[in-house]
Amino acid sequence: MYRVGKIKLSKEGISLQISEEILEKIKSQNDIVDVISERVRLKKAGRNFTGLCPFHNEKTPSFSVSQEKQIFKCFGCGEAGNVISFVMKDKNLSFIEAVKYLAARANIPLEFGNGARSKSAQKKDLLYKVNVEAAKFFFSNLMNNQKAKEYFLNRGIKEETIKKFGLGYANDSWNNLMFYLRRKGISDEVLEEAGLISVNKEKGTKYDRFRNRVMFPVFNYQGKVIGFGGRVLDDSKPKYLNSPETLVFQKGTNLYGLNFALKHNMSERYFVIVEGYMDLISLHQHGITNVVASLGTALTINQARLLKRYADKVVISYDADVAGQMATLRGLEILRTAGFDVRVLSIPQGKDPDEYVRSNGKDAFLRLINNAAPLIDYRIKKAEEGIDFKNSQSVILYSKRVMDIISDLNPVEKDVYIKKISEDTGLKEQSLYDLLSMAQNRKEEPFMNKKEEIGTKLYVEPAYLKAERSLIKLMFKEGYYEEIEKQISSDDFNLGAHKKIFSLISKGKEEGAENLLAYVESGCDDVESSKEFVKIKELRVLEASDERKLIRDYINRIKTFKLTSKIECLKKEQKDLEQKGRIEESIKLAIELNKLNEELKREKGVIGHGERR
């Protein structure tokens, strides 16, 4: 049974309910490259990874894994899917067993029950409510404390912006918040779990974690308060103090301000990533809203996947010291590996985004965004630091640094950069290629973009499959579903997995699923439907000016194949009856075959007429 936002599965009389949120968490914390690498030796190949398919015998790699899309596909045998379906097929597990295996691998608790919300889900709801109460308390404090309020006003933050971001103030008290929330009926145990109070185990004393600080509520991408950041008003240390990790707040999985960015139009599909709260808030106030903040931590693969849902490009706007740190560069490489076009924005005079936009305005900052350098160019520029180009040994060191940087680019990019470096340093291009080969340990062709290069294409699919996939793909597009649903039902499809996906789409539409793709993917709880869902998602359907004709053509091809298959089966059955001397039954089948052949002619006539036009 499938419900909006939740899967209900039964096994041996036990009911397990998994929310879409938990299912997404299980997938996001089990990187498909890591999981498959435990079974298959994978090699980097451009943006993807390749290896020998574990599902059929082969000598030339035809098995491809996309870290960006978190899917696998074999061009040899046609297998495809996500991390869950890979584990199902590889380990011969059911959907529920594969989910449990991956949940255990990532230390994600799954609870069994009779359909009631799990204890973990109930605790999360409680922590969200407690955080909202704390945020209201901090906001009220700010409104009643002129000194704290002036911290924001003096930095150009308007009253409306203070309200929009829910900014606040933690009073200079050891127990102000604790007593307030106790009066609201919230226990000290819950306050500790929420990271709002600290406990001295030796003395047995409890006290507010945040004191005499301006407060920034931290929201998840859905807009729920998951934690807080606090900044001191004086020179005391630490300057910034964040919530500890809790059931609802984990470092490396959220980005500050993403919920606000998503409320605005993300049509340009790029984010500006800044370091601090004030950078983000200032940019928002000046009308630049596609901004998120990393809050001083290196970017992670989970954050990259979260951003990839909404954007294809990121522009990094850190101060020079932070941008040059190795941890930061590793984070930026994670973004590039995840498929982003990564750019690095340089602010004149070493200012931070907050200072610059207040002094120079929105248009000036937008110009900096437009002029941001590609990540590789930025890294090559950084490699020049400490290099004396008049000194031979120094130039050699620089060349080695640069070859390490460009070693995993595709061949065209390598050629462009090697030519440029040769011109800048006077080193011969061939010498640089030799250095590059050393940097890669062994030279290999890393950009496999032709099927012939990644194995023999053994798997040839029948044409009706493409028609069925194309029709289902169109059902996810605005304006197509109603037209298709009127003309075809799940029973008309030939492939069982397609019948299932069609039914899931219809049910999701009926129940008003907020995210139809996620709804359907969660319902694809067997290897075949998961494989087909991935293939449908990856399929490119050419849109026609006459939508009805396109739909009609696909439906006719599907029905034609079904009729042809049925006719073939009846012919075999008729032959068997004739051989057994059951003439009367054979004649009945002949009449039915006649009708089916007439129907087939009509269907083929419709297709032929459509093609001639």
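What you see is a predicted model, and the numbers here were worked out from it, not measured in a lab. What you see below is based on every heavy atom in this structure, not just the backbone, and it leaves out hydrogens, waters and symmetry mates.
Using the six-membered ring where Trp is involved, F86 and F63 have ring planes that are tilted, between 30° and 60° apart. Ring geometry for F493 versus H498: interplanar angle over 60°, hence perpendicular rather than tilted (30 to 60°).
For the ring pair (Phe, Tyr, Trp, His ring centres under 6.0 Å) test, residues two or more places apart in sequence or in another chain that qualify with F216 are F152, Y277. Judged as a salt bridge (charged side-chain N to carboxylate O under 4.0 Å, His left out), and not counting sequence neighbours, K313 has no contacts. Looking at residues two or more places apart in sequence or on another chain, you find a salt bridge (charged side-chain N to carboxylate O under 4.0 Å, His left out) between K308 and E68, D312. F249 pairs by the ring pair (Phe, Tyr, Trp, His ring centres under 6.0 Å) definition with nothing, not counting sequence neighbours. With sequence neighbours left out, the ring pair (Phe, Tyr, Trp, His ring centres under 6.0 Å) criterion links Y481 to no other residue. F219 pairs by the ring pair (Phe, Tyr, Trp, His ring centres under 6.0 Å) definition with F260, not counting sequence neighbours.
Using a 4.0 Å cut-off between charged side-chain N and carboxylate O, E538 and K73 make no salt bridge. Ion pair R379/D404 not flagged as a salt bridge, since none of the NZ, NE, NH1 or NH2 atoms sits closer than 4.0 Å to an Asp/Glu carboxylate oxygen. Ion pairing of E528 with K531 is present here, as a side-chain N (NZ or NE/NH1/NH2) and a carboxylate O approach within less than 4.0 Å. Salt-bridge annotation for E532 and R469: present, with a side-chain N of the basic residue lying under 4.0 Å from a carboxylate O of the acidic one.
With S530 contributing its side chain and V527 its backbone, the two residues share no donor-acceptor pair below 3.5 Å. In this structure, S422 contributes its side chain and I418 its backbone to no donor-acceptor pair below 3.5 Å. Here the side chain of S37 pairs a donor or acceptor atom with the backbone of V33 at under 3.5 angstrom. The backbone N or O of G227 sits nowhere less than 3.5 Å from a side-chain atom of S243 that would complete a donor-acceptor pair. Without hydrogens or angle criteria, N410 side chain to G46 main chain gives no donor-acceptor distance under 3.5 Å. When atom types are taken as modelled, the side chain of E58 and the backbone of C53 share a donor-acceptor pair closer than 3.5 angstrom.
Between M403 and L432, the shortest heavy-atom distance links the atoms SD-O, 3.4 Å. Contact between Q250 and T246 at its shortest, heavy atoms only, is NE2-O, 2.8 Å.
With L375 as reference, V342 is the one residue of I405, L335, V342 to meet the side chain to side chain contact (heavy atoms under 4.5 Å, CB included) rule. When N290, V274, T289 are each tested for a side chain to side chain contact (heavy atoms under 4.5 Å, CB included) with L283, only one passes: V274. For the side-chain hydrogen bond (donor to acceptor under 3.5 Å, both in side chains) with Q70, the qualifying choice from N82, N30, D31 is D31, the only one to do so.
Within a 6.0 Å sphere centred on CG of N92, heavy atoms belonging to other residues, nucleotides or ligands number 12 at most. Heavy atoms from other residues, nucleotides or ligands lying under 6.0 Å from NZ of K27 number more than 12.
When only modelled atom types and interatomic distance are considered, Q29 and N302 share no side-chain donor-acceptor pair under 3.5 Å. Looking at Q430 and D434, their side chains do bring a donor and an acceptor atom within 3.5 Å of each other.
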Open item on the list: Please determine whether side-chain contact (heavy atoms from CB on, under 4.5 Å) holds for the pair D279 and V291, giving the CA-CA distance in whole Å, both sets of side-chain angles, and the decisive distance to 0.1 Å.
Closed with: CA-CA 9 Å; D279 293 327; V291 190; over 6 Å; no
TODO: Show the numbers, then the answer: is there a side-chain contact (heavy atoms from CB on, under 4.5 Å) between I347 and D352?
DONE: CA-CA 7 Å; I347 300 178; D352 58 35; 5.6 Å; no
Open item on the list: As a quick check of understanding, evaluate side-chain contact (heavy atoms from CB on, under 4.5 Å) for L516 and K509, giving each step before the final call.
Closed with: CA-CA 7 Å; L516 188 60; K509 285 280 188 180; 3.9 Å; yes
- [ ] Output, in order, the C-alpha distance, side-chain angles, deciding distance and verdict of side-chain contact (heavy atoms from CB on, under 4.5 Å) for H264 and H284.
- [x] CA-CA 11 Å; H264 295 81; H284 259 269; 4.3 Å; yes
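Between V35 and L102, some side-chain heavy-atom pair lies under the 4.5 Å cut-off. The shortest distance between side-chain heavy atoms of F533 and I472 does not fall below 4.5 Å. Within the 4.5 Å cutoff, the side chain of I96 has heavy atoms near those of the K100 side chain. Contact of the M88 side chain with the S94 side chain is not registered, since no non-hydrogen atoms from C-beta on lie closer than 4.5 Å. The side-chain heavy atoms of L299 and I334, taken from C-beta on, include no pair separated by under 4.5 Å. The side-chain heavy atoms of I501 and M475, taken from C-beta on, include no pair separated by under 4.5 Å. Using a 4.5 Å heavy-atom cutoff, the side chains of L23 and I84 are in contact. Two residues are said to be in side-chain contact when any heavy atoms from C-beta on lie closer than 4.5 Å; N254 and V218 fail this criterion.
Interatomic distance, E79 CD to F55 CZ, rounded to the nearest 0.5 Å: 6.0 Å. Atom CG of N515 sits about 8.0 Å away from atom CD of E24, to the nearest 0.5 Å. How far OG1 of T300 is from CG of L306: 9.0 Å, rounded to the nearest 0.5 Å. Rounding to the nearest 0.5 Å gives a distance of 10.5 Å between CG of L465 and OG of S470.
Ring centroids of F72 and F49 are separated by 6.0 Å or more, keeping the two rings apart.
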